[in-house]
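Data block below; observations after.
In the text below, chain A, chain B and the rest are named by the order of the sequence lines, each starting its count at 1.
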Protein chains: 2
Amino acid sequence: MIKNADPFAALRIETPPSTLREMALERMRRAIISGLYEPGARLVERTLCEQLGVSRSVIREVIRHLEAEGLVEMLAKQGPIVARLEWDDARQIYEIRAALEATAVADCAKVATDRVKALLRQSLSELDKTSQQNSPLGILDATTSFYRTIFHAGGHTIAWDIVSRLNSRISRLRVMTLSTPNRTTSGPSQIREIFACIEKNEPEAAAAACRAHVAAAAAIAESIIGGK
Amino acid sequence: MIKNADPFAALRIETPPSTLREMALERMRRAIISGLYEPGARLVERTLCEQLGVSRSVIREVIRHLEAEGLVEMLAKQGPIVARLEWDDARQIYEIRAALEATAVADCAKVATDRVKALLRQSLSELDKTSQQNSPLGILDATTSFYRTIFHAGGHTIAWDIVSRLNSRISRLRVMTLSTPNRTTSGPSQIREIFACIEKNEPEAAAAACRAHVAAAAAIAESIIGGK
DNA sequence: TGCTGTCCGATGGTATACCAACATACGAGC
DNA sequence: GCTCGTATGTTGGTATACCATCGGACAGCA
């Protein structure tokens, strides 16, 4: 699994986003996730061309990608719209997240090295800072990096891809739950609990804490839009 | 979740695949899954245009979609290739499948109605027929329809999407495992075991049987390409 | 007043044209 | 003979042109 260390790796010149398409994809994805485009809003291709300053080819390919990611829906004979989120879908997503994250957390607790623990501690302090600043997007980023470390430490790269994608579909919901009173304090404390179990290398307890965390988030989400 | 029954629904004219792009997407996906394009093979756009008889715009949008699905990889400055499958990825996929399928099977066992059981029985007989004919693709289809019924019965539509996508990434592997001697008999018997537990509405046992089934498939897969 | 037929703008579907970057082959020079 | 530079063809990236269809506005007719 470990690549054979290439001594010349440091010399390699990386050209990260390079193509217009990749940049546009990133922008569009963030625009949808951040709520700039409302769910159900039509994504008129020519309008997007002007807004992003690229041609329709680029926009269309980006839309195909987002469609496969589940962030964009295609209405027959009407074109793309920002995907709407039914509560039932959100519920399923929280369920799947609970399963995958609990597994990842448990595995991480089994194998966590000092280095991993240090990374997690770093994400936690970032989380503290952003939650004191009451910055929902910052909290989201810190939480994301916390979980990313966990998934990668346990070798669950594919599960991480899936979870990331699912999370982007419920991103608006996540931001809303974070704005709930007292969520700013209960969220970090639950994550801290997960970390404590990992630090002590207790897989079972870590998984349980993780399930509790996701369940709490799902409950808040339901109280917000459940009835809709 | 149930739509209000529209008495005029039967009048509605459906135009299912209509666009060139959707047809091309279907064709390409099947071509990759069936192994017509080998893993790692370059997908030269202009060549695909001729093979499918469509323009590059269509091909490119299809490739974007398949890329997001994980069936196609983009090599920087070289273009798309059919995604290669490392054993480590396959291992992770089997792991995730085990988790999601076990959950779905358990939920199905909890709520399975006679109608669902009848559908499952139908898939089973299809499975028997195809495995006697030693038709790997037929077995795959029957297994797929068996699981589709299970996931939908329990309301796990999103998990089903995920599992379908994962399965398409390991499709070649699945066909190879089905061609293994005695797999043609052990596979169906394990699935039959799952069904027996569902029929008796025993969630725990069903989940266990399901995990065993996936684990067995993973073990065979590893014995085939594990060392590679 | 209300229905219907027609026109026109908006929009997505599809095809094509152009360009830059890369890979390969080939030839000149050491 | 080996190496380097150059020419050329292939390929993906991007932009644009054209067409069919849909939806709404408007006008005519009962």
Starting at the 5' end of DNA chain D, which residue's closest nucleotide do you reach first, A:Val54 or A:Gln78?
A:Val54
Between D:dC22 atom C1' and A:Met74 atom CE, what is the distance in whole Å?
15 Å
Nearest-angstrom distance from the residue atom CD of B:Glu67 to P of D:dG12
13 Å
What is the distance from CZ of B:Arg42 to P of D:dT10, rounded to the nearest Å?
13 Å
Can you figure out which of C:dA15, C:dG12, D:dT14 approaches the side chain of A:Arg60 most closely?
C:dG12
Which nucleotide, C:dT14, C:dG12, D:dT14, lies nearest any side-chain atom of B:Thr19?
C:dT14
Touch check for A:Ile59, heavy atoms < 4.0 angstrom, all strands: base, sugar-phosphate only, or nothing?
nothing
Distance, rounded to the nearest Å, where A:Glu61 contributes CD and D:dT16 contributes P
15 Å
Using a heavy-atom cut-off of under 4.0 Å over every strand shown, decide if A:Arg56 touches base, sugar-phosphate, or nothing.
base
Between D:dG13 (C1') and A:Leu25 (CG): distance, integer Å
15 Å
Taking CZ in B:Arg27 as the centre, count heavy atoms belonging to other residues, nucleotides or ligands within less than 6.0 Å. Is the count above 12?
no
So, does B:Ser55 get its side chain near the phosphate of C:dT14, meaning an N or O under 4.0 Å from OP1 or OP2?
no
Should B:Glu86 and B:Arg91 count as an ion pair when the cut-off is N to O under 4.0 Å?
no
Over how many whole Å does the gap from B:Arg64 atom CZ to D:dT14 atom C1' extend?
12 Å
Could you state the atom-to-atom distance from CD of A:Glu45 to C1' of D:dT16 in whole Å?
14 Å
Which is more 5' along DNA chain D, the nucleotide nearest A:Gly53 or the one nearest B:Val44? Just name the residue.
B:Val44
Is a salt bridge present between B:Arg64 and B:Glu61, judged by a nitrogen-to-oxygen distance below 4.0 Å?
no
Proximity to the side chain of B:Pro80 - top-ranked nucleotide from C:dT14, C:dA15, D:dG12:
D:dG12
Any base atoms under 4.0 Å from A:Leu75, or only sugar-phosphate, or nothing? Heavy atoms, all strands.
nothing
Hey, is CZ on B:Arg121 packed in by over 12 heavy atoms from elsewhere, all under 6.0 Å?
yes
Euclidean distance, atom CG of residue B:Leu20 to atom C1' of C:dT16 [Å, nearest integer]:
15 Å
So what does A:Arg46 hit on the nucleic acid, given a heavy-atom distance under 4.0 Å: a base, only sugar-phosphate, or nothing?
base
Please check if the side chain of A:Ser131 supplies one atom and the backbone of A:Asn134 the other of a donor-acceptor pair under 3.5 Å.
no
